[in-house]
Every structure is written in C-alpha cells, then in structure tokens.
Amino acid sequence: MATKALSFALSLNDLTNNHFSSNTPHTAAKVSVFTVKCSSSGGGERPWKNSDARLVLEDGSIWKAKSFGASGTQVGEVVFNTSLTGYQEILTDPSYAGQFVLMTNPHIGNTGINFDDEESIQCFLAGLVIRSLSISTSNWRCKKDLGDYLAERNIMGIYDVDTRAITRRLRQDGSLIGVLTTDNSRTDEELLHMSKSWDIVGKDLISGVSCKTPHEWVDKTKQQWEFSKVPGETFHVVAYDFGIKHNILRRLASYGCKITVVPCTWPASETLKMKPNGVIFSNGPGDPSAVPYAIETVKNIIGKVPVFGICMGHQLLGQALGGKTFKMKFGHHGGNHPVRNLRSGHVEISAQ
C-alpha cells in the first residue's frame, strides 16, 4: 500500500491580516509546519469514466466521448431522432441500417430494455449517440440495462457528447457521414479519410435486413394495447420485407388479416399465384434507386391487386409509377408528427 505525505506551512500573517484589524497589536509572525499522511492502494478505479471514444464527421469536426456497448470502429451516416421515448424501438428498427442515430432527448437508458418492444430480431443501426446515459433503470418491464444489451448485439454507443451542437450542425449542413471508434491507434486524419470515402447513397441495404424465406406471421398486438374489434372477414395480405417492423405485422394480424411475409427478392409472379387481397411494401433502409429489382417487382404487382407502401415501400411505388426520388438534406426521424384537423384547419403535434 502506497503512502504519500503532504507538508503544509501556515503563516500567522495569513490569519492576522484577514481576521484582525490594523489597530489590533499582534506578535511577530510565526510559521507552523504539520504533515498529513494519505494512504492509497494505487489500483482503485475513479468514480467517473474518461473519454475513450471519438466521433469524426466528414466536415472535419472531432467529438470526444465516452463509450458503452461494443468497442471497435464503425462508419455510418449520422442522423438525429427527436423522439422523447422509444429508444428500444429505434434500436431494432431495420430502417436505421447503416446509420448512427443521435437522440435529441438528452436522457437515455432510464427504462432499460424489455423484449416486448423490439421491432425486429436484432439491432441494425450502426451506432447510438446520446448526451446522458442513465446510471440506473426504473421500469417494471425492464430485463437488462442498455449498455449490456448493445454489447451483446455488438452495437457501439457513445455518451457525454454535445448532441445539441451536433444536431444543429446536421440541421444546417444536412446528414453527415461519420466514423465512430474506440481505437486509439487510429489517427484523426485516418478516420476523416474513412468518413469521406463512404456514402449511403447507391447502396442496397434492404437485402441485408430482409428475411430469407417466406413465412406466415400470426403474432397479434397484446390485449392491453388493443383498441378495435376484429372484423368478421379475413383478408390475405402479402408483406414484402424490406426491413418491416414487427408492430406493422402485429396490427395487421390484430385486424384479422392472414399475413404472408416474403423476402425483398420474392418474384411478383409468385406473389400473384397466392391470390392475395392486398400487398404491402414495407419500410426499409437506404436508397430506393439502388434496388432496381424491387422497383420491377412493384411494377409487376401494381394494378393487379390493391397495394400500399410505407417509407421505403412508398418511395418504391413512386419510382415504379415513373417518379424520381432524391436524398433529403436530413430526413424526419421521430415519433412527433404534425397533423392537420381538416374541420378546424388547426395543426397539432401528435405522438405516434
């Protein structure tokens, strides 16, 4: 055990000058010397964590942070999400494949993780960026904490970073490619080069998140979340999995639909052989113009059965009908949506 000694010298002038008036007589200054011994094992950990991660953006900015979850080096597009709740649904949303999700809500992790709120069987995002990581969890459904959950799924996370400043930068300049690393051997210049050499545009990301074989979906929304009566007639819906979220399938099942989920490369001819009452083209990640095979599938189904699309599926419908898509400066990521009341004309913010 190491022992350190500290010596202190205290002059009476320090006391008399501060605590006695000039009219008060006092003796000549004396000096007292005393020693304090402090014991330390030398091997204890500090009660706080030092910065051990960097986020390097393609604009040249470098953000030091503290890591949690997995370690390593990852590249992705940095986007911000304005949801106040639902970080677990965001983590498991396949639409975020290839992206670092920055949460604008500063406090993340306080409700922990449960297995009922997952939107897919794994995490697909490239990394999570937050301001403050909760040191404890408090929720009756919690099964484990956020850090352990990300580590098990090999997803990197960082905290104690100025998420407000990064969000303002993204709003001004648009979404930026970034590199997240816990590897001290990599230089800032090397990481910057990596960020400038990667682009999400033109990449087929849906093939990496889609199911591999057709299957039937039967899981419904739990009764406590139910708000509608199941209709008497059953409709057969074929769902193209471009990265579909489980709750979309659960809601369809709760309405009494028979659902067949098919891969993103499933031929239109095979879908039509099933004689479905309708086809859904799901949400998914990446650039719709990078998946021409999916556009051809949509073209061959439109007009033959009722169709509808969500997110990626909606963009594929637009391209199949002759439209063009382009990348927005920054997309809308969040659960708060403006809704117009057609009767009053007022616009209100809803949470969805």
4.5 Å side-chain heavy-atom contact, F100 and Q74: yes

Derivation of the side chain to side chain contact (heavy atoms under 4.5 Å, CB included) call for I301 and V238: CA-CA 11 Å; I301 293 177; V238 172; over 6 Å; no

Sidechain-backbone polar pair: E119 side chain, H246 backbone, donor-acceptor under 3.5 Å: yes

Modelled atom types, side-chain donor and acceptor of S51 and D160, under 3.5 Å: no

Between D204 and Y293, a side-chain donor and acceptor under 3.5 Å: yes

S120 side chain to T92 backbone, donor-acceptor under 3.5 Å: yes

Flag, side chain of E58 to backbone of I177, donor-acceptor distance under 3.5 Å: yes

Side-chain heavy atoms of S134 within contact of H107, under 4.5 Å: yes

Gap between atom OG of S282 and atom CE of M312 - 0.5 Å precision: 9.0 Å

Distance, nearest 0.5 Å, that separates OG of S197 from CE of M194: 8.5 Å

D145 and T137: side chain donor to acceptor below 3.5 Å: no

Distance-only polar pair, side chains of D183 and T73, donor-acceptor under 3.5 Å: no

Side-chain (S210) to main-chain (C264) donor-acceptor, under 3.5 angstrom: yes

R153 backbone acceptor or donor facing Q122 side chain under 3.5 Å: no

Donor-acceptor pair between Q319 and S289 side chains, under 3.5 angstrom: no

Heavy-atom donor-acceptor pair, T104 side chain to N81 backbone, under 3.5 Å: yes

Residue from W266, F308, Y240 passing ring-ring contact (aromatic ring centres under 6.0 Å, His included) with F281: Y240

In one Ile/Leu/Val/Met/Phe/Trp/Tyr side-chain cluster, 4.5 Å: I244, L252: yes

Separation of I302 CD1 from L321 CG (nearest 0.5 Å): 4.0 Å

salt_bridge(D116, K222) N-O dist < 4.0 Å: yes

Test item: S175 and F330 side chains (from C-beta on) under 4.5 Å apart, heavy atoms: yes

Salt bridge flag under 4.0 Å for residues K327 and E77: yes

Beyond-backbone contact of L146 with L91, side-chain heavy atoms, under 4.5 angstrom: yes

